[in-house]
There are 2 protein chains.
Amino acid sequence: MNQYSTSKKAPKTSRGRQTREKLVQAAEIEFGERGFYEAAISGITQRAGVALGTFYVYFDSKEEIFRALVEYMGRLTRGWIAERVAESPNRLTAERRGLEAFIDFVRGHRNLYRIVSEAQFVAEDAYREYYGAFAAAYRDNLQQAGERGDIRDGNYDIWSWALIGMNVFVGMRYAAWEDSLSSAEIAASITDLIGSGMSRGEAS
Amino acid sequence: MNQYSTSKKAPKTSRGRQTREKLVQAAEIEFGERGFYEAAISGITQRAGVALGTFYVYFDSKEEIFRALVEYMGRLTRGWIAERVAESPNRLTAERRGLEAFIDFVRGHRNLYRIVSEAQFVAEDAYREYYGAFAAAYRDNLQQAGERGDIRDGNYDIWSWALIGMNVFVGMRYAAWEDSLSSAEIAASITDLIGSGMSRGEAS
DNA sequence: TTAGAAGTTGAATATTGATTCATGTTTCAC
DNA sequence: GTGAAACATGAATCAATATTCAACTTCTAA
């Protein structure tokens, strides 16, 4: 299983791989700006600088390139975050760095939200896999942190989804929609919340 | 400003209001099942039991009824939650009840997610208003709880979006996608997380 | 050098469904 | 009882674009 997953149309030469890559990157812009249905294949091929027919050399349909794009964005995002979270001294620091990285990523890929959330209709399985992959990785990290005694016990499955949701919504509001606050400020505020909770310490 | 907002086509009689209401409810199903673009006006009118042309008596376009639907769902959701959160003894209890109510709501309106998130492309302003209204209400609640000394200080704006994100994602995963866990269980796990945080209590 | 595999081209096809509109029906104030 | 406003109807229009395809070009192994 490679990055071309199930397609019968995988490129065989490096020239072909380049063209396919150009198409996927053009699709990021076209789908991001116009949404799946308003996006035109001709828009993608124009942006990629190839002829309309070339599209069908590499993809069977509009839906197929969209799926490929969602997977591509997922790999890109997870890779970017994993790199910047690596070797954090503890889970809370990893959370902070992860959110910072995510916000920075969104600021460089404004179309991420539109693309990913449209996958819900266009390719629901791709959508579930997208977040499922994040959740699985998150859960493992929490598990390990729990075993190290780094964090409290809890239902880490549920926690993972909750933490992803926080990241996604904070990213949407403060990175995709507006960027007056620095990623560090935002991440600090969130880390404070999930580190100590919102209750006052009186009961303990 | 009423629920028909800017439309020039507001119904004038109760017969008209009924027909319009039937159309919006049919739209919830049609848009929810097929998504905005695959949804057909004829599908909406058939479900509502009226003729195709009747649609244009009440709405100028497919987009307009979609906007109306998003607003309608927002009012419905907020109303439902507010009712079940009212008169909670403290903020954490309110959080728990709110999430429980939300999960139950989603289980009765499986199409909520598809509709709301598709609004991102179809009617971005309606989408922002949808979550903006939630966030504003949330922020006010946190503010009041903070003033009462019920919760710690923090950036309540950011916290609001984080908490909404948690609710949305947990609801998606455990209510829209799967419902093996009870809303009470889920809410308890989340309340635990946001109440006390994930750090162990050693430092304090 | 060359065959054929891989890649490229863009005009033509074919389907789909949103919106219009001319006509018919119901309601009700007077 | 009547006229007008409100409401309801569904066949016809029309624009948009995903996909196909037959011809052409580039590359590479032997």
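Values reported hereafter were calculated over all heavy atoms of this structure, with side chains retained and with hydrogens, waters and symmetry mates removed.
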What N/O pairs connect the protein and nucleotides 15-17 of chain D at under 3.5 Å? Give each pair on its own line.
none

Distance under 6.0 Å and angle within 45° of ring axis: B/Lys62 vs B/Phe36: yes

Close approaches to DNA chain D from residues 117-125 of chain B, in residue order (heavy atom, under 4.0 Å): none

[X] side, atom [atom1]; [Y] side, atom [atom2] - distance, nearest 0.5 Å:
X        : Y        : atom1 : atom2 : answer
A/Leu99  : A/Ile194 : CG    : CD1   : 8.0 Å
B/Glu95  : B/Leu193 : CD    : CG    : 11.0 Å
A/Met166 : A/Ile164 : CE    : CD1   : 11.5 Å
A/Ile186 : B/Asn155 : CD1   : CG    : 9.0 Å

Could you pull out the protein-nucleic contacts involving nucleotides 8-10 of chain D (nitrogen or oxygen on both sides, under 3.5 Å)?
residue, atom, partner, partner atom, Å
D/dA8, OP1, B/Thr19, OG1, 2.8
D/dA8, OP2, B/Tyr58, OH, 2.7
D/dT9, OP2, B/Ala51, N, 2.7
D/dT9, OP2, B/Thr54, OG1, 2.9
D/dG10, N7, B/Gly53, N, 2.9

Can you measure [X] atom [atom1] to [N] atom [atom2] for me and round it to whole angstrom units?
X       : N      : atom1 : atom2 : value
B/Tyr56 : D/dT13 : OH    : C1'   : 13 Å
A/Ile44 : D/dT19 : CD1   : C1'   : 13 Å
B/Glu21 : D/dC7  : CD    : C1'   : 17 Å

Given DNA chain D, 5'-ward residue of the pair A/Ser61 and B/Ser14, judged by closest heavy atom: B/Ser14

Ring pair (Phe, Tyr, Trp, His ring centres under 6.0 Å): pairs with one or both residues in residues 122-145 of chain A, sequence neighbours excluded: A/Tyr127-A/Tyr131, A/Tyr130-A/Phe134, A/Tyr131-B/Phe169

Side-chain heavy-atom pair B/Tyr113, B/Val106 within 4.5 angstrom cut-off: yes

Donor + acceptor pair across side chains of B/Glu147, B/Gln143 (<3.5 Å): no

A/Thr93 and A/Asn90 side chains, donor-acceptor separation under 3.5 Å: yes

Residue pairs involving residues 168-177 of chain B (criterion side-chain hydrogen bond (donor to acceptor under 3.5 Å, both in side chains); sequence neighbours excluded): B/Arg173-B/Glu178

Geometric class of the B/Phe121/A/Phe121 ring pair [parallel <30°, tilted 30-60°, perpendicular >60°]: perpendicular

Stepwise side-chain contact (heavy atoms from CB on, under 4.5 Å) test for B/Phe102 and B/Leu112: CA-CA 11 Å; B/Phe102 181 63; B/Leu112 186 67; 4.1 Å; yes

Covered region of DNA chain C, 5' end to 3' end, by chain B [heavy atoms, under 4.0 Å]: C/dA18 to C/dT26

Minimal non-hydrogen separation, B/Pro11 against B/Tyr58, with atom names: CB-CE2, 3.8 Å

OP1 or OP2 of D/dC7 under 4.0 Å from side-chain N/O of B/Thr13: yes

